[in-house]
Amino acid sequence: MKEIAYYSITTIAVLICTFLLINKIKKNRIKRKILQDTGNDYKNIARNFALSYSKSKELYKSLIIKVHPDKIDESKKIEAQELSKKLTTSKKDYQKLKELEKEIESFIKS
Amino acid sequence: MSNNIFSKFSTFINRVVDIISQGNMERVTILREYNLALKEAYYQGDFNVLCRVTTSPGNPNFKHALSTFYLRSGFKITIENDNELTQSDLIGLSDYFIQNKTGVRQLMAFGYDTLIIIGKNTKQGIQIAFKDIADLQNYMLK
């Protein structure tokens, strides 16, 4: 009787451990997939958060004026609208606003 | 001085618990990188808020597929200079943090499920569920 109880408990414990281990391996695979896509540039993400909070509002205002429909020729209005849509989507992301700034500068020069 | 020592000691214990609970140094690395970047931004004048990030207890209602145990699932941003901070300032701060879905997914991958932003002295704070900001459906194994 004692032996049966001992073996049952051991089997149940092994099954539970196996289940937990398989779960952990699955979670780790998902985690590796996510980190492969997102990368590991944590410092840049934190810095972007800080700069976005302090500077993105001003930068957005200065850029949206440049692509305002009233200031653009009729021939470039569609492109200007696309740029202002992108600006509005990236309103709070300083890094993306800086990338759009370069696009807007080359758009204005062309 | 004793506050400083206590703060350093609790940070050290926090890191040790993170390493033991996760089995690796990843969380320690991400917290260190965030703290360095935020401190640098503050002292360079690019950021007017001095923040410190730590792991803390999260909200068990915000659990997602990769959440760690709720006592270690909170990503806490403590604002050291919170003298004139209001609730709407905290909400504004959180808006800028959560707009970067890549960063949010990274934190979810490390088992965090709750963003907590809290003032050090005023103790005003907010909590946001990461699963409401970014989803992991595309990464779930079929």
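As a basis for the values below, the full set of heavy atoms in this structure was taken, side chains included, without hydrogen atoms, waters or symmetry mates. A, B, ... follow the sequence lines: proteins, then strands. Residue 1 opens every chain. Predicted model, so just to flag it, every value in this text is computed and none were measured.
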Return the option, out of [options], with the maximum number of heavy-atom pairs under 4.5 Å with chain A.
options: L36(B), D95(B), V53(B), T29(B); result: D95(B)
options: L66(B), N48(B), L93(B); result: L93(B)
options: L38(B), D46(B), T102(B); result: D46(B)

Got a sec: does the [atom1] of [X] have more than 12 other heavy atoms crowding it under 6.0 Å?
X: K85(A); atom1: NZ; answer: no
X: F107(A); atom1: CZ; answer: yes
X: K91(A); atom1: NZ; answer: no
X: I13(B); atom1: CD1; answer: yes
X: K66(A); atom1: NZ; answer: yes
X: K131(B); atom1: NZ; answer: yes

Legend entry - Residue pair M108(B) / K31(A), side-chain heavy-atom distance below 4.5 Å: no
Nearest-0.5 Å distance, [atom1] of residue [X] to [atom2] of residue [Y]:
X: F97(B); Y: N48(A); atom1: CZ; atom2: CG; answer: 11.0 Å
X: Q99(B); Y: Y53(A); atom1: CD; atom2: OH; answer: 13.5 Å
X: I34(A); Y: L136(B); atom1: CD1; atom2: CG; answer: 4.5 Å
X: N35(B); Y: K43(A); atom1: CG; atom2: NZ; answer: 11.5 Å

Inset, instruction - Give, as side chain, backbone, both or neither, the part of V49(B) having an atom under 4.5 angstrom from any heavy atom of chain A. - result: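 Just the side chain, heavy atoms under 4.5 Å.
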Inset, instruction - Could you tell me which portion of S94(B) (side chain, backbone, both or neither) has an atom closer than 4.5 angstrom to a non-hydrogen atom of chain A? - result: neither
Legend entry - Test item: E33(B) side-chain N/O and D41(A) main-chain N/O as donor-acceptor pair under 3.5 Å: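 Such a contact is absent between E33(B) side chain and D41(A) backbone.
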Inset, instruction - Indicate yes or no for a side-chain donor-acceptor contact from S52(A) to the backbone of Y96(B) under 3.5 Å, with no hydrogens or angles considered. - result: no
Following the transitive rule for hydrophobic clusters with a side-chain heavy-atom cut-off under 4.5 Å over Ile, Leu, Val, Met, Phe, Trp and Tyr, establish whether [X] and [Y] coincide in one cluster.
X: F75(B); Y: I116(B); value: no
X: Y112(B); Y: I98(B); value: yes
X: V28(B); Y: I77(B); value: no
X: I133(B); Y: L115(B); value: yes

Legend entry - side chain to side chain contact (heavy atoms under 4.5 Å, CB included) between Q44(B) and R47(A), worked out: CA-CA 11 Å; Q44(B) 285 172 4; R47(A) 187 155 178 80; 3.2 Å; yes
Inset, instruction - Determine, for D37(A) against R105(B), whether the closest basic-nitrogen to carboxylate-oxygen distance falls under 4.0 angstrom. - result: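 The answer is no: the pair does not qualify as a salt bridge.
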Inset, instruction - Decide if the gap between the ring center of F49(A) and the ring center of F47(B) is smaller than 6.0 angstrom. - result: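 Ring centres of F47(B) and F49(A) closer than 6.0 Å.
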Inset, instruction - Sort S56(A) into side chain, backbone, both or neither according to what part of it lies under 4.5 angstrom from a heavy atom of chain B. - result: side chain
